[in-house]
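Each chain gets a letter, A, B and so on, in the order its sequence line appears, and its residues count up from 1. Keep in mind that the numbers below use all heavy atoms, side chains included, and drop hydrogens, waters and symmetry copies.
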Amino acid sequence: MPRITLPDGSAKEFAQPVSALAVAESIGSRLAQAAVGAKVDGQLADLSTMLDRDCTLSIVTEQTRDKRPDPDALFLLRHSTAHVMAEAIQRVVPGAQLVYGPPLDTGFYYDIAFPEDRPLKEGDFEAIEAEMAKIVREDRPFTRYELPVDEGLAKLRSEGSKYKIDNAERAIAASTAGTAVAHNAVRLSWYATGEPGKNWEDLCRGPHVPSTGRIGAFKIMSLASSYWHGDETSDRLTRVYGTAFFSKKELDEYLHRLDEAKKRDHRVLGKQLRLFHIDDTVGQGLILWTPRGSIVRKELQNFIAAELKKQGYTEVFTPHIGSLELYKTSGHFPYYKDSQFAPIIERNTLDTLCAEGCSCAEMIHRVEGVSARLAAGINERTGAETITPDRVLPDDRLIEGFMLKPMNCPHHAKIFASSPHSYRDMPVRLAEFGTVYRWEQSGELNGMTRVRGFTQDDAHLFCTEEQIPAEVQGCLSLVKIIFATLGMTDYRVRVGLRDPDSNKYTGSKESWDKAEAACLAAAESLGVPFSREPGEAAFYGPKIDFVVKDVIGREWQLGTVQVDYNMGNRFDLSYIGPDNKPHRPVVIHRAPFGSMERFCGVLIEHFAGAFPLWLSPEQIRVLPISEKSLDYARSVQYKLASAGLRSSLDESNERVQAKIKHGSEMKVPYLLVVGPRDAESGTVSVRAFGIEKDLGAMPVDEFVTAAAEEYRNRGASTVAARFQ
RNA sequence: GCCGCUGUAGCUCAGUGGUAGAGCGCACCCUUGGUAAGGGUGAGGUCACGGGUUCAAGUCCCGUCAGCGGCUCCA
């Protein structure tokens, strides 16, 4: 006698078990027609699910009440389309073994092991889509059936797919783990596209839409590779990406959005607007800032430098390399050697080693070696065997060298240590636009967002433990000012906390508790959503990260604030406290932009290349109607330059229509059309980027003053607004 | 690093084993114009690089490098 509670709070009682579809029908035939699935007690389920006990039920339809696509419905649809695609692929490529095919936010994929002699090619897409279209036209129902574990496993073994057997074993383990469910009580489920035994089927937990005919529009998007279980030593699989919608119109809109996103891609715009260049001969992942891009970067740096001044930071400069001993002290070398450029060893040393017949292995051992003194000091101060005895070598065996710096903190620690400090002058805030180098894997490199050399807007705050909350707070408010000025509101915040079950962390439990509380309180006061991420802390302290999405939906970590209990010990840093005794400072690492490269990359996409006036490389372009107005145009440009504005003059032999088009293509904020009429009256005719019309004439001096004001206040007031 | 795809003029891209192409941009000439492309002429190429097959390779094969899409990684 199931009693079924509906979303509006009303309830229906049935004399015997009833399918979700039947309930929908009892509510209305139109609902039943629109239905693609059900939610039973909040769990997504098939429409055919039999309800045999009291539950809450909502019917999932293609659209929500406000006519928007229902995410649950799309989830079902895409999961089902993945099945249809898998069936089609197995028709086109016999012998393809299915592994795993889940839905995603924007579509779905299916990981498939193809026969070695018959890999899938993009050229196969057409044939596969044609097969898929047939299956959709046949409108075959997705039919679920279940088998007890042993019978199910036997079936899979007879079919011989190790991937599906593995999936089943994992499903069984998942449903018995930590529960009282007995192994043989578990049932495995299959979905046949049509009639079990006659039509194609797949081991699958479901749920699915009722039939293939519900799939309105689909497209195979791309091929990629993946590893079985994400393990790079395991089988290599081919991942086929696709997407599906209920209507062709929605699919077209989605594809159009993707196209638009591509046009905002910072790699495309960077070329088009001549902002930066990456040159093979210079090296992968190394950004050359062209004159235009350099202006954007410089404006951002000026902006942040001014904010730092307000917050009591002092600026420092440090070189791009440091000795290996520095990084042995900090702990960067050799623990992170896989993500660093190789050490720089002096030429004569190498020659001598070669002459001695020193082997590579021996050389590495000697380069990574540590003197007894340094090892003893670090071990004592960190209170652990941080440097193991096998790394300790006699001084005459050590090979010294240098390293491109992977981080700025060791240099800053040495600046702090270079003079004595009293608790009275804490915190010490050292800031530097410091360039660091990291050996990112070649496959990871991406435009400006993942590079091998980048400049952090870095700073290290050396403070007392009591000062941590206020300093963390200060860092976050800085990030907030920056993001607000740039209009970046769509970011999320992650607070990385320690893993309660691990003891890899340095620093006392009490210190951690306080620092984590400070980070959480600071994050809370920001007024934006944040997540707690246990286990995501650095080993030396908790951290707060700012994450922004790019136009293609990839997330990039930008700013970061990290509390560090380790560095003080490593570098034997101290300040004299009120008790006249030395104390260890805590160090806060922080970089609100993260790196200038990545930040600018994300910023290009954020503005779609149309920078606000203050950031724009070319703020104003003067367009004379003809050569006859050139002299007047030059006088206008002179006034702009005198007011500190960046402008250019279009002297080309084109008509003004063409000049406007070219200026718009370069996304110049203001175009000033000047002709005989303007020369006569001392005006300029203004066009603002994004407003596709002549705003009207304005006296030159008035424009110059207003534009200079817009520049100075970073867009708080605009010239364009004066015309509205 | 791994898998797949791609690499042709400064940019975007056509190109069927048989003479290297287009549009934009650039230079010059004509045009002197009022709000999103006026007209003409011309320059510009190691078809990523190296090897191979072939009478003949931008095109087919192998390798290398780079870019892209993913996977793995990211102090």
Considering only atom [atom1], compute the distance from [N] to [M] and round it to an integer number of Å.
N	M	atom1	answer
B:rA56	B:rA43	C1'	30 Å
B:rG23	B:rG63	P	38 Å
B:rG18	B:rU54	C1'	12 Å
B:rG45	B:rC11	C1'	15 Å
B:rC26	B:rA9	C1'	11 Å

Separation of atom NZ in A:Lys262 from atom P in B:rU12, rounded to whole Å: 13 Å
Check residues 585-601 of chain A and write down every donor-acceptor pair under 3.5 Å in which the side-chain atom is one partner and the other belongs to a residue at least two apart or another chain.
from: A:His589; atom 1: ND1; to: A:His460; atom 2: NE2; distance (Å): 3.2
from: A:His589; atom 1: NE2; to: A:Asp564; atom 2: OD2; distance (Å): 2.8
from: A:Arg590; atom 1: NH1; to: A:Tyr313; atom 2: OH; distance (Å): 3.3
from: A:Arg590; atom 1: NH2; to: A:Asp457; atom 2: O; distance (Å): 2.8
from: A:Ser595; atom 1: OG; to: A:Glu597; atom 2: N; distance (Å): 3.4
from: A:Ser595; atom 1: OG; to: A:Arg598; atom 2: N; distance (Å): 3.0
from: A:Glu597; atom 1: OE1; to: A:Thr455; atom 2: N; distance (Å): 2.9
from: A:Glu597; atom 1: OE2; to: A:Trp289; atom 2: NE1; distance (Å): 3.4
from: A:Arg598; atom 1: NE; to: A:Thr449; atom 2: O; distance (Å): 2.7
from: A:Arg598; atom 1: NH1; to: A:Gln557; atom 2: O; distance (Å): 2.8
from: A:Arg598; atom 1: NH2; to: A:Thr449; atom 2: O; distance (Å): 3.1

Could I get the full list of side chain to side chain contact (heavy atoms under 4.5 Å, CB included) partners for A:Thr243, not counting sequence neighbours? A:Arg78, A:Met221, A:Phe245, A:Leu251, A:Tyr254
At less than 4.0 Å, is any side-chain N or O atom of A:Lys271 found next to OP1 or OP2 of B:rU12? Yes or no. yes
Does A:Arg438 make a side-chain N or O approach to OP1 or OP2 of B:rC74 shorter than 4.0 Å? no
Secondary structure string for RNA chain B (Watson-Crick or G-U under 3.5 angstrom, | for other-strand pairs): (((((((..((((....[..)))).(((((.......))))).....(((((..]....))))))))))))....
Residues 620-629 of chain A, side-chain donor-acceptor partners within the protein, below 3.5 Å, at least two apart:
from: A:Arg621; atom 1: NE; to: A:Glu618; atom 2: OE2; distance (Å): 2.6
from: A:Arg621; atom 1: NH2; to: A:Glu618; atom 2: OE1; distance (Å): 3.1
from: A:Arg621; atom 1: NH2; to: A:Glu618; atom 2: OE2; distance (Å): 3.2
from: A:Ser626; atom 1: OG; to: A:Lys628; atom 2: N; distance (Å): 3.2

Which atoms of nucleotides 1-10 of chain B (N or O only) lie under 3.5 Å from a protein N or O atom, and what are those distances?
from: B:rG1; atom 1: OP2; to: A:Ser442; atom 2: OG; distance (Å): 2.4
from: B:rG1; atom 1: N9; to: A:Gln441; atom 2: OE1; distance (Å): 3.3
from: B:rG1; atom 1: N7; to: A:Gln441; atom 2: OE1; distance (Å): 3.3
from: B:rG1; atom 1: N7; to: A:Gly443; atom 2: N; distance (Å): 3.3
from: B:rG1; atom 1: N2; to: A:Tyr227; atom 2: OH; distance (Å): 2.8
from: B:rC2; atom 1: O2'; to: A:Arg236; atom 2: NE; distance (Å): 3.3
from: B:rC2; atom 1: O2'; to: A:Arg236; atom 2: NH1; distance (Å): 2.5
from: B:rC2; atom 1: O2; to: A:Tyr227; atom 2: OH; distance (Å): 3.1
from: B:rC3; atom 1: O2; to: A:Ser225; atom 2: OG; distance (Å): 2.9
from: B:rC5; atom 1: OP1; to: A:Lys121; atom 2: NZ; distance (Å): 2.9

Could you list all N or O pairs between the protein and nucleotides 24-27 of chain B that sit under 3.5 Å apart?
from: B:rG25; atom 1: OP1; to: A:His662; atom 2: NE2; distance (Å): 3.3

